[in-house]
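Some notes on the structure that comes next.
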Amino acid sequence: MGQLTAGERQLSVVILIALVIIGIAMAAAGRFDPLGIHGVVVLLCSGVLLARLLSSLFEPEPHPERLSKYYDDPIKVGIVFTMIWAVFGMFVGVWAAAQLAWPSLNFDTSWTSFGRIRPAHTTGVIFGFGGNALIATSFHVVQRTSRARLADQFSPWFVLFGYNLFCLVAVTGYLMGVTQSKEYAEAEWYADLWLVIVWVTYFVLYIRTLARRKEPHIYVANWYYMAFILVVAMLHIVNNIAIPISLSHAKSYTVWPGVQDAMVQWWYGHNAVAFFLTAGFLAMLYYYLPKRADRPIFSYRLSILSFWGITFFYMWVGSHHLHYTALPHWVQNLGMTFSVMLLVPSWASAGNALLTLNGAWHKVRDDATLRFMFIAAIFYGLSTFEGSFLAIRPVNSLSHYTDWTVGHVHAGVLGWVAMITFGALYTLVPSLWRRERMYSSMLVEAHFWLALAGTLIYIFAMWNSGIIQGLMWRTYTAQNTLTYSFIDSLVAMYPYYIARTFGGLLFLIGAIIGSYNIWMTARGAPASRTEQDLPVVDGPVSPVTPAE
């Protein structure tokens with residue numbers, strides 16, 4: 001709080017008072033509806049922050065010297081939020097996986113049923129863990145590659161706390177049964193409106209910071225971050241256009257009818273994979289991998305070509321989720337064709353990352369942090385190949401609606417998204433807190449092997465169970481009747497569901513170890529000597545260094 005100017009504190013107080021009033025209004029209007037509970041959540045969160053701000057409202061103005069340093073406080077808080085959501089989301093995921101093997105683990109209550117905790121898991125991991133990691137690292141990367149401080153001090157905090165308020169409202173809503181029933185977009189209308197405000201602020205902050213850059217060149221990581229922020233905003237708004245039944249109820253109905261709703265939903269759903277779970281994390285890869293390996297990107301030109309290929313091709317592939325449905329055949333063909341074409345720019349990025357490690361393979365052997373990023377690039381190439389393969393209609397007829405798709409998704413989320421995130425955080429945390437290294441390199445090593453073992457067990461279990469499911473569902477007798485009932489396929493899945501739970505548990509234990517390691521690193525003593533890492537305030541523009 002001491003870093004904020006008097007004007008920024010006053011603006012923060014005004015915003016929080018407005019949120020308190022909104023929370024009271026929601027609680028009063030929705031007193032017989034889940035909307036009222038969310039009003040209380042908004043009231044409590046904004047009230048706590050307001051009390052903290054009021055206690056320091058009249059503190060002295062911060063020293064002007066702060067403007068000569070990067071603004072890293074929001075990044076540190078973002079890392080804390082990242083790891084909190086990681087542990088929460090992965091714990092709920094293990095719980096949901098265990099329910100498939102042992103259904104009694106729902107304890108015969110509605111709020112812990114699989115249908116409610118499953119979206120809490122996906123939102124907690126994708127948006128809570130992944131989203132906070134993207135926001136925190138984007139604040140770090142845009143400052144270092146621009147050699148400029150964030151454009152202001154209020155907006156980063158508004159984005160960070162506003163985004164986590166959205167995640168909290170969304171997850172608590174799912175446990176109460178509040179959902180739009182749209183994959184990766186289950187949050188209801190009032191949460192969606194709030195996220196639009198937060199996300200537009202995020203985009204404006206990012207653009208303003210780039211406009212203040214002291215480097216003439218915009219490094220490729222920033223292109224990926226900008227694509228992630230801009231396209232996610234567009235997807236979110238179009239997919240979530242809905243009409244609430246009243247302003248005092250949480251329930252709403254989408255404006256999109258029938259097959260158009262399905263088409264818009266999967267245009268959103270797969271592009272959430274493209275621009276939330278791919279573009280943003282490729283930005284991490286293109287910055288933190290060269291930094292950790294101390295090697296320049298193998299081909300900067302290839303990284304730009306990959307960016308435009310991914311940006312153009314990915315936009316059209318969502319309809320491959322709707323093969324053999326009422327969607328027009330030509331739209332299905334469009335999605336299938338672009339899915340296969342997408343393999344080229346995707347593998348270009350994966351290959352670019354791996355070739356960057358030429359001359360640094362000894363570091364991969366000895367450095368678990370760099371090994372996280374190496375394995376992430378491997379899984380990125382693997383999951384993009386698998387995605388293109390599964391989009392082909394004859395293959396899709398076997399794989400769709402089976403656990404094969406679940407295995408594919410988790411190869412991407414665990415093997416690619418989580419691995420590159422942990423590698424980036426282990427690179428970022430010591431420099432951010434001015435430490436010589438992570439608290440324990442042995443814990444980083446243990447985290448790596450737990451994460452890798454958990455991922456492999458999980459995806460191999462799901463690949464096997466998915467193929468068995470698909471084959472059992474399409475096996476006919478000589479009388480042209482189904483050989484196996486649906487219950488028979490469930491019985492065949494039982495050992496794979498146990499293996500899936502065990503793999504997820506290993507990954508969760510690794511995340512807990514990583515959280516402890518980060519916490520102890522932050523608490524450690526600062527390094528006796530640290531390199532100067534300062535923005536350019538005045539003076540001539542310095543040349544760009546790709547690895548920077």
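In this chain, numbering begins with 1 at the start of the sequence shown.
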Determine the interplanar angle of the Tyr219 and Tyr300 rings, folded into 0 to 90°, and report it as parallel if under 30°, tilted if 30 to 60°, perpendicular if over 60°.
parallel

Glu183 and Arg118 ion-paired at < 4.0 Å:
yes

Please report the interatomic distance CZ(Arg212) to CD(Gln143), rounded to the nearest 0.5 Å.
9.0 Å

Under 6.0 Å between ring centres: does that hold for Phe158 and Trp194?
yes

Assign the ring pair Trp316 / Phe338 to parallel, tilted or perpendicular, where the plane angle (0 to 90°) is split at 30° and 60°.
tilted

In terms of the angle between their ring planes, are Tyr314 and His270 parallel, tilted or perpendicular, with boundaries placed at 30° and 60°?
tilted

Compute whether any side-chain donor of one residue and acceptor of the other, for Tyr174 and His121, lie under 3.5 angstrom apart.
no

For Trp95 and Phe91, take the angle between the two ring planes, folded into 0 to 90°, and tell me which bin it lands in: parallel under 30, tilted 30 to 60, perpendicular over 60.
tilted

Given the ring of Tyr70, does Arg149 sit roughly above its face, with NZ or CZ under 6.0 Å from the centre of the six-membered ring and within 45° of the axis?
no

Contact check, side chains of Ile75 and Asp72, non-hydrogen atoms, under 4.5 Å
yes

Regarding Thr145 and Asn222, do their side chains bring together a donor and an acceptor under 3.5 Å, going by distance alone?
yes

Assess whether a salt bridge exists between Arg208 and Asp152, defined as any Lys/Arg side-chain N lying under 4.0 Å from an Asp/Glu carboxylate O.
yes

Between Tyr496 and Trp463, does the ring centre distance come in under 6.0 Å?
no

So that I can tick it off, tell me whether Lys182 and Asp192 are bridged by a salt bridge, with the cut-off set at under 4.0 angstrom between side-chain N and carboxylate O.
no

Run the ring-ring contact (aromatic ring centres under 6.0 Å, His included) check on Trp199 and Phe228 step by step: do they pass?
CA-CA 11 Å; Trp199 210 255; Phe228 142 68; 5.5 Å; yes

Could you tell me which non-hydrogen atom of Ser388 sits nearest to which non-hydrogen atom of Ser339, and how far apart they are?
OG-O, 2.7 Å

Please find out if less than 6.0 Å separates the ring center of Tyr288 from that of His140.
yes

Pair Trp416 + Tyr380: ring centers closer than 6.0 Å
yes

Do Trp266 and Asn271 meet the criterion of a side-chain donor-acceptor pair at a distance under 3.5 Å?
no

Can you tell me which residue among Phe307, Tyr224, Trp223 is in a side-chain contact (heavy atoms from CB on, under 4.5 Å) with Leu282?
Tyr224

Between His447 and Phe422, what is the ring plane arrangement, given parallel below 30°, perpendicular above 60°, and tilted in between?
perpendicular

Test side-chain hydrogen bond (donor to acceptor under 3.5 Å, both in side chains) applied to Thr427 - qualifying residues, sequence neighbours left out
none

Does a donor on one side chain sit under 3.5 Å from an acceptor on the other, for His323 and His400?
no

Does Phe276 have its ring centroid less than 6.0 Å away from the ring centroid of Phe127?
yes

